[in-house]
Amino acid sequence: MFPPASTAPAFNVFNAESILGVLSAAAASSHPIYLQTSASTVRCFSPHALAAMVHALLPASLRPLVRLHLDHCSDPDLIRACLDAGWSSVMIDASADPLASNIRRTSEIVALAKPYHALVEGEIGVVGGEEDGFESYGAPDAIPALHDVLRFIDDSGADLVAVGAGTRHGHYSDHPCSLHHHILEAVHLARPDTPLVLHGGTGIPLDDVARAVRSGGIRKLNISTAIKDAWLASQQAHLASPNPHRIIDSVQNSIAAVHESALTVIHFLSSIQ
Ligand code: 13P
């Protein structure tokens, strides 16, 4: 089932409400998803506590549809701790390194993950903006050369490959998104069996997402900001409500808000495949 032939969204979750909202969207649609956690979220709860929480909230019937994925991480010890605790997919982000070092560090994680039968995502190039302290070191319009991307795919052994193609984490409020389709399409043409990952999924124009899925080999679409926006908006509405001490109302409303946000993405991806 993983990586699925169709494009799966990867939603960043950070507490029980966000986990429940995303899982209920997966259940409502029967669509495969990645439940994605940042390294900070893992450190906040501890790998075993977070994995136990996900395990407790994930019904057995949904398990074939869901992969627990570690988002950007450069620390092999944390990656190993997550694999030990039950993550079935991990990202090693050594993309700030020179290519040879990025390949070496990624292939070390591929070897580490093999006995766990876990997927490994690597990254080449730059995703702009900031996610969990990553990616603010370079300009997102510095697109990697095709031969470097192909060398990274061939030599790292990563199962999933994120290619910096002009997107950025967070909102595109002051920088319109300009997705460089040519690099994704050239990579997909040369390595059609390699699932590519699009980071910075919130706010990319839908036509661009559709083209990247149809012609650019995108099989994993990362969405964090939209989930956080939904959760934050429900918190703000609750604080302005007549009885904010009814905390459980806030919990239920934020589950519903995250569910809606995730389902919108799932429905869009389903409609274009
Ligand atoms: P957004 O912040 O655009 O949702 O991107 C999320 C992401 O790429 C996580 O790695």
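Counting starts at 1 for both ligands and their atoms, following the listed order. The chain is numbered in sequence order, starting from 1.
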Please round to the nearest 0.5 Å and tell me the distance separating atom CD of Q36 and atom CD1 of I227. 10.5 Å
Ligand 1 to N12, heavy atom cutoff 4.0 Å, flagged ligand atoms 9 (C)
Which atoms of ligand 1 have any heavy atom of D71 under 4.0 Å away? 9 (C), 10 (O)
Quick check for you: to the nearest 0.5 Å, what is the distance between T41 atom OG1 and N12 atom CG? 7.5 Å
Can you confirm whether the side chains of H171 and D229 place a donor and an acceptor under 3.5 Å from each other? yes
Hey, which atoms in ligand 1 end up nearer than 4.0 Å to a heavy atom of H199? 8 (O), 10 (O)
Counting each atom of ligand 1 from 1 as listed, which ones have a heavy atom of H72 under 4.0 Å away? 10 (O)
Close-contact set for ligand 1 against I223 heavy atoms, below 4.0 Å: 4 (O)
Would you mind listing which atoms of ligand 1 come within a distance below 4.0 Å of any non-hydrogen atom of T225? 1 (P), 2 (O), 4 (O)
Any atoms of ligand 1 less than 4.0 Å from a non-hydrogen atom of G170? List them with their elements. 1 (P), 2 (O), 3 (O)
Member of L70, L112, V120 meeting the side chain to side chain contact (heavy atoms under 4.5 Å, CB included) criterion with L83: L112
In ligand 1, the atoms that come under 4.0 Å of a heavy atom of T202 are 1 (P), 3 (O), 4 (O)
Side chain to side chain donor-acceptor pair (under 3.5 Å) partners of residues 201-210, not counting sequence neighbours, each pair once: H181-D208
N15 side chain to S18 side chain, donor-acceptor N/O pair below 3.5 angstrom: yes
